[in-house]
There are 2 protein chains.
Amino acid sequence: MSTKPDNPERLGGRVSEIRVAAVQLFYEQGYNATSLRDIAKVMGLRAPSLYNHISSKQQLLQDIMFDNTFSLRGLIDAATERGGETVVQLKLAAESLMRYAAQHRFQVHVSMSELPNVDEPAKGQLVRLRLENFDRWRNLIRRGCKEGVFTTKHPGLSAQAILDLGAGVSYWYRPGGLYDEDKFATYYSEIALRIVGASIVET
Amino acid sequence: MSTKPDNPERLGGRVSEIRVAAVQLFYEQGYNATSLRDIAKVMGLRAPSLYNHISSKQQLLQDIMFDNTFSLRGLIDAATERGGETVVQLKLAAESLMRYAAQHRFQVHVSMSELPNVDEPAKGQLVRLRLENFDRWRNLIRRGCKEGVFTTKHPGLSAQAILDLGAGVSYWYRPGGLYDEDKFATYYSEIALRIVGASIVET
DNA sequence: CCTACCGATCGGTAGG
DNA sequence: CCTACCGATCGGTAGG
């Protein structure tokens, strides 16, 4: 078969639908306040029917969080692997982070706020993966500092600040709201460059 | 009597103890995942005994969130009411925000993440109060732009970014962690000045 | 401050 | 995919 249930890389249609419904409800109500009956109702089903597609509510949450964490890793990796000027790499990484946070705000928000509800050992793994992502951002900024194109004295705090902005976007962004995606993504990535003490570049 | 139960302005000792226990558990486990039995256990009591001091679990959450929202208002008001240069006002406001977010990270984090679990009409009131706080930050930045000391083209997005940083602090800060409070509060408030396009000042 | 208890709701299973 | 159901846990109350 070309698709495997519960495989994040290639989701069956039904599993994907459940995740879309779940992540929105988790975003709006929180994981614990969302019952499987709620999720089923959105899909026009009864709660027990969900178990034909998922193994548990907890696994559903974990799949969402791992997916999101690996996607965030992909963003920073994609921006650094293509080479070019370090300042351009950071600008592209920051802009793609902000756009991702806006487009996938449900997942990003849930990944931030529901970590306490993830069972071990998955919680520990997620914390480790998140730290690895943080390290990638910090290493990019450190590299710019060595090259003399960034002037910040605290690469770690700068990386943290940029990631804080991305998390913030997932909280307040609404499609059709006051700021459209192009506007704030451009401006927030400019802010990222200011944070590391780079001059603003045209890409 | 000089104290009234459930009055945020002057808490009885027992009520205060319950809130301290509750806010830490809400931070660690989430509101819905924290039972009144959990809170009571921390205090060496049984769950029904809590009702001698609080009216409901929901009211306990609302009290925590209103307290926090009014405290945040006090920070921005205190920084702007003392007058002086606008850039200094913003620096003081930002630094006090970052210190507050660190020192009261449980409350700040809970206030951000548990809003979906607040019943109406309190939820709507909190959203409105939060918007009013945001306006105070934006107005301060707009004033700096008019005076020509800030160069940002988007005062609203700049205000949002600074508040995002404060929220971020409440997520990752740990006492005794990699960055001590003086270090990151100083650096994060420098970042706030960079965000609005001000030069860094000595205070 | 306690014990005893209640109605509601939950995640999940049985069986088809 | 469904109905029927179960054990566990919850917030909160009664009564003292």
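Every heavy atom of this structure was used, including side-chain atoms; hydrogens, water molecules and symmetry mates were not. Just so we're on the same page: letters track the sequence lines, and every chain starts at 1.
The two residues A:Lys57 and A:Thr34 come nearest to each other via the heavy atoms NZ-O, 2.7 Å.
Taking CG of A:Leu72 as the reference point, atom CD of A:Glu132 lies at 13.0 Å (rounded to 0.5 Å).
Residue-level contact check: A:Ser49 touches the bases, meaning some heavy atom is under 4.0 Å from a base atom.
To the nearest angstrom, P of D:dT3 lies 16 Å from CG of A:Leu36. In this entry the distance linking CZ of B:Phe26 with P of D:dG11 reads 9 Å, nearest Å. Remark: P of C:dG11 and OH of A:Tyr31 are 8 Å apart, rounded to the nearest angstrom. The interatomic distance linking B:Lys41 (NZ) with C:dC2 (C1') rounds to 17 Å, in whole Å.
Under the ring-ring contact (aromatic ring centres under 6.0 Å, His included) test applied with A:His109, the options A:Trp172, A:Phe26, A:Tyr27, A:Tyr173 reduce to a single match, A:Tyr27.
Mapping B:Lys57 and B:Asn52 onto DNA chain D by nearest heavy atom places B:Lys57 at the nucleotide closer to the 5' end.
Closest contact between the side chain of B:Pro48 and the listed nucleotides C:dA4, C:dG11, C:dC1 involves C:dA4. Relative to the side chain of A:Leu45, the nucleotides C:dG12, D:dC1, D:dG11 differ in distance, and D:dC1 lies closest.
Residue A:Arg37 places none of its side-chain N or O atoms closer than 4.0 Å to OP1 or OP2 of C:dG12. Distances shorter than 4.0 Å separate none of the side-chain N or O atoms of A:Arg46 from OP1 or OP2 on D:dC1.
Under the 4.5 Å side-chain criterion, counting only non-hydrogen atoms from C-beta, B:Arg82 is in contact with B:Leu92.
Pairing for C:dG7 goes to D:dC10, judged as Watson-Crick or G-U wobble with the two contacts each under 3.5 Å. In a base pair of the Watson-Crick type (N1 to N3 plus N6-O4 or O6-N4) or a G-U wobble (N1-O2 and O6-N3), with each distance short of 3.5 Å, C:dG16 is matched with D:dC1.
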